[in-house]
Every structure is written in C-alpha cells, then in structure tokens.
Amino acid sequence: MRQLVSWFRRAGAGEYPLGYVASLDGARGLMTMGVLVAHIHYSLYPGSIIFMDTFFMMSAYLITALLLKDWGRHGTLRFWNFYTRRFLRLFPALALLLLVFGIIVILFLDNKSGHAFEIASAFFYFSNWTRAFGVEVPGYLGHTWSLSIEEQFYAVWPLCLLFLLRRYGITNRVAVGLLSCAVLVSLWRLWLEQSGAPTYR
C-alpha cells in the first residue's frame, strides 16, 4: 500500500510510473493460450475464468496507463484519439467475423431471428448481458462476451477517470476510493455466487 501511495504522490510531479512493461505481453499471451486451450476442452485447463479476470486486470492497467499519460502530457483526456484507436484495433475484425457469420446464417442455418439477435448483441457489445441473464440465443457467438466487457470498460472508465482527475487529481483519496470499490465489487460477486446465481452471472 505504501508503494501504491508513493506512486500516486510521484504522479503529482508528472512521474507516473505506469507504462509499457514487456513482461506483461508475455503474461497476456500465456493467459490467452490458457483460455484457448480451455475452450478446446475445459478439463485440459480448468479455471480459465481466472485467466480472463487476470487478462481484464492487465488490460485495465494498460488502458489506465495510456489515459494517465495523456493527462500528464495534455492536461486532459483526448477522447477522440483514445476511442479512434480502440475502434480501429477491435471493430474491423469483429465486423468481418459478423459479416461472414451473417452470410453463413442466411445460406445454411435455421432460427434466423435468433442468430440475428445474437449478431446484434455482439455488434453492439452487450452479449455479456445476454449470457449473464440467461437470454436464449443459439450460442455461436458466445465468446464475444469478453469483448463486450472490454468495450463497456472503454466506454465508461475514461469518463469516470476524467471526472476523478478534474475533481480530485491523483491523490491518496482517489487511490483508496478505487481500491474500496474493487473490494466491494469482489464482495458483491461472492454474494451472488453464494446466493445461487448462475456462473455466467
């Protein structure tokens, strides 16, 4: 905790330490491989959801580092620049996937309305919610749930961070507040699990 606080204090002097760490690329690669193996057959690599949580955590670290770097250089967050880069990085591949899958649906598959809804949920990044609340969909695009979470994070977190930076700056209060929120979310997840909520929820 002392180290975290000292990092935040140094940040006030424009020396925020977050940035590119080569070892994180390797860690993200290992997490990705673990998830792929688990999707081939879960028993080969059980517990892959932990890898996804870790992947999300590292992604949040890197995105926050980019945003704080932008804040340090420009005194604001350049949303156009940030969202353009995120769009170009992820959306073209998703759009191509959905286009090809849409053609396959039209030519070969039944339940076209169900597939159309699934395509829409992936296109508009809410397929994680269809899984969480048990919405009946064919399931071919179920893997896009993680991309939906990423995109929702990109949509919400920069706005929250800008509010915090403008109102409080990078302070101990912000660090403790964010840590408290993380703990509360973890406790909420545990409560859901103990209350019998489905795994996807």
Side-chain angles (χ1 to χ4, degrees), residues 28 31-32 34-36 38-40 42 45-64 66-67 77 79 82-106 109-164 177-201:
R28 292 172 81 192
M31 297 297 154
T32 303
V35 170
L36 288 173
H39 275 77
I40 293 171
Y42 185 75
Y45 220 149
S48 61
I49 193 66
I50 296 173
F51 302 147
M52 284 306 307
D53 278 355
T54 306
F55 189 89
F56 287 144
M57 181 178 64
M58 289 190 291
S59 179
Y61 169 92
L62 295 169
I63 289 300
T64 304
L66 289 173
L67 292 169
L77 301 183
F79 288 119
F82 175 79
Y83 286 118
T84 299
R85 291 178 65 182
R86 302 280 74 75
F87 177 86
L88 293 175
R89 181 180 179 125
L90 297 174
F91 185 76
L94 176 66
L96 179 61
L97 167 70
L98 297 180
L99 176 63
V100 171
F101 181 66
I103 293 171
I104 292 172
V105 168
I106 292 170
L109 299 180
D110 296 326
N111 189 13
K112 293 185 177 7
S113 61
H115 289 298
F117 178 79
E118 190 174 26
I119 290 172
S121 69
F123 184 86
F124 292 107
Y125 300 113
F126 63 87
S127 57
N128 60 314
W129 295 111
T130 62
R131 284 169 69 98
F133 293 107
V135 178
E136 291 291 334
V137 292
Y140 287 97
L141 299 174
H143 59 286
T144 60
W145 73 270
S146 57
L147 182 61
S148 296
I149 289 177
E150 285 271 334
E151 291 295 332
Q152 290 161 28
F153 174 77
Y154 296 156
V156 173
W157 174 237
L159 298 173
C160 293
L161 183 61
L162 181 61
F163 170 79
L164 292 171
L178 291 174
L179 182 61
S180 300
C181 288
V183 170
L184 288 173
V185 168
S186 297
L187 292 173
W188 180 46
R189 289 179 69 178
L190 287 172
W191 179 81
L192 285 172
E193 194 275 332
Q194 292 297 316
S195 300
T199 301
Y200 288 143
R201 179 71 180 91

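The local environment of NE2 in His39 is sparse, with at most 12 non-hydrogen atoms from other residues, nucleotides or ligands closer than 6.0 Å. Around atom CG of Leu36, more than 12 heavy atoms belonging to other residues, nucleotides or ligands sit under 6.0 Å away.
For the pair Leu94 and Leu90, the minimum side-chain heavy-atom distance is 4.5 Å or more. Within the 4.5 Å cutoff, no side-chain heavy atoms of Arg201 are placed close to those of Arg131. Using a 4.5 Å heavy-atom cutoff, the side chains of Trp157 and Leu67 are in contact. A heavy-atom distance below 4.5 Å is not found between the side chains of Trp129 and Val135. Side chains of Phe87 and Glu151 form no contact here, defined as non-hydrogen atoms less than 4.5 Å apart. Side-chain contact between Gln194 and Trp191 is absent, with no heavy-atom pair separated by less than 4.5 Å. The shortest side-chain heavy-atom distance between Asn128 and Tyr200 does not fall under the 4.5 Å cut-off. For the pair Arg28/Leu62, a side-chain contact is recorded, criterion being any heavy-atom separation below 4.5 Å from C-beta on.
Here CE of Met52 is found 12.5 Å from CE of Met57. Values are rounded to the nearest 0.5 Å. Atom CG of residue Leu159 and atom OH of residue Tyr154 lie 15.0 Å apart, to the nearest 0.5 angstrom. In this structure, CD1 in Ile149 is found 12.0 Å from CZ in Phe55, a value given to the nearest 0.5 Å. Rounding to the nearest 0.5 Å gives a distance of 13.0 Å between CE of Met31 and CZ of Phe56.
When all heavy atoms are compared, the tightest approach of Pro158 to Leu77 is O-CD1, 3.5 Å. Residue Phe126 comes nearest to Ser148 through the heavy atom pair N-OG, 3.6 Å, listed as atom of the first residue, atom of the second, then distance. Between Ala155 and Tyr83, the shortest heavy-atom distance links the atoms O-OH, 3.3 Å. Summarising the geometry of Gln152 relative to Tyr125, their closest heavy-atom pair is NE2-O, 2.7 Å, with the distance given to 0.1 Å. Considering all non-hydrogen atoms of both residues, Leu98 and Ala122 come closest at CD2-CB, 3.9 Å.
Note that Arg86 lies in the cation-pi zone of Phe82, set by a 6.0 Å cut-off to the ring centre and a 45° limit from the axis.
Phe91 has its ring centre less than 6.0 Å from the ring centre of Phe123.
Take Phe163 and apply the ring-ring contact (aromatic ring centres under 6.0 Å, His included) test, not counting sequence neighbours, and it matches no residue. Judged as a salt bridge (Lys or Arg N to Asp or Glu O under 4.0 Å), and not counting sequence neighbours, the contacts of Arg189 are Asp53.
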Using residues 111-119 as the side-chain source, report each donor-acceptor pair under 3.5 Å to any protein atom, sequence neighbours left out, with the distance given to one decimal.
residue: Asn111; atom: OD1; partner: Gly114; partner atom: N; Å: 3.2
residue: Lys112; atom: NZ; partner: Val105; partner atom: O; Å: 3.1
residue: Lys112; atom: NZ; partner: Leu109; partner atom: O; Å: 2.5
residue: His115; atom: NE2; partner: Asp110; partner atom: O; Å: 3.2
residue: Glu118; atom: OE1; partner: Gly139; partner atom: N; Å: 3.4
residue: Glu118; atom: OE1; partner: Tyr140; partner atom: N; Å: 3.4
residue: Glu118; atom: OE2; partner: Gly139; partner atom: N; Å: 3.1
residue: Glu118; atom: OE2; partner: Tyr140; partner atom: N; Å: 3.1
residue: Glu118; atom: OE2; partner: Leu141; partner atom: N; Å: 2.8

(Q) Evaluate Trp145 against Thr130 for side-chain contact (heavy atoms from CB on, under 4.5 Å), listing each step before the verdict. (A) CA-CA 9 Å; Trp145 73 270; Thr130 62; over 6 Å; no
Q: Mind running side-chain hydrogen bond (donor to acceptor under 3.5 Å, both in side chains) on Ser127 and Thr144 for me, showing each step along the way?
A: CA-CA 6 Å; Ser127 57; Thr144 60; 2.9 Å; yes
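Between the Thr64 side chain and the Ala60 main chain, a donor and an acceptor come within less than 3.5 Å of each other.
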